[in-house]
Amino acid sequence: MDVNTLRISMTIISFVVFAGIVAWAMAPANRKSFQDAALIPLDDDDTVASGGETMKGARHG
């Protein structure tokens with residue numbers, strides 16, 4: 001096995017992995033979870049996860 005055969009095989013393996021990732025990302029079954037993940041930065045971070053109270057008037061310390 002020479003270097004060129006190794007390069008060709010790595011290129012083919014890389015392309016197959018890339019195609020698999022694209023197919024997984026575009027699968028209709030994953031749409032809901034990706035949409036939920038896309039909205040994470042827009043979620044309101046002024047609420048406490050445990051009590052649901054707002055942090056605006058809370059005292060820290």
Side-chain angles (χ1 to χ4, degrees):
M1 177 184 269
D2 64 336
V3 160
N4 288 330
T5 305
L6 181 63
R7 288 178 182 167
I8 292 170
S9 60
M10 285 306 298
T11 301
I12 292 172
I13 290 170
S14 298
F15 178 75
V16 169
V17 169
F18 174 76
I21 291 171
V22 169
W24 170 75
M26 296 296 177
N30 295 328
R31 179 179 301 271
K32 175 73 173 130
S33 62
F34 287 144
Q35 285 176 345
D36 291 344
L39 295 176
I40 289 174
L42 303 176
D43 283 344
D44 186 21
D45 19 327
D46 290 341
T47 58
V48 177
S50 60
E53 301 172 5
T54 61
M55 295 286 292
K56 290 181 181 177
R59 298 178 73 196
H60 300 289

S.K.: For Ile40, which fellow cluster members are found when Ile, Leu, Val, Met, Phe, Trp and Tyr are connected by side-chain heavy-atom distances below 4.5 angstrom, either directly or through intermediates?
M.R.: none
S.K.: Which residue pairs pass the salt bridge (Lys or Arg N to Asp or Glu O under 4.0 Å) test with at least one member in residues 12-25, sequence neighbours excluded?
M.R.: none
S.K.: Which residue pairs pass the salt bridge (Lys or Arg N to Asp or Glu O under 4.0 Å) test with at least one member in residues 15-24, sequence neighbours excluded?
M.R.: none
S.K.: For Val3, which fellow cluster members are found when Ile, Leu, Val, Met, Phe, Trp and Tyr are connected by side-chain heavy-atom distances below 4.5 angstrom, either directly or through intermediates?
M.R.: none
S.K.: For residues 8-19, pull every pair meeting side-chain hydrogen bond (donor to acceptor under 3.5 Å, both in side chains), keeping only residues two or more places apart or in separate chains.
M.R.: none
S.K.: Identify all side-chain donor-acceptor contacts of residues 20-33 below 3.5 Å with residues at least two apart in sequence or on another chain.
M.R.:
{"unit_1": "Asn30", "atom_1": "ND2", "unit_2": "Trp24", "atom_2": "O", "d": "2.7"}
{"unit_1": "Lys32", "atom_1": "NZ", "unit_2": "Asp36", "atom_2": "OD1", "d": "3.1"}
{"unit_1": "Ser33", "atom_1": "OG", "unit_2": "Asn30", "atom_2": "O", "d": "3.0"}

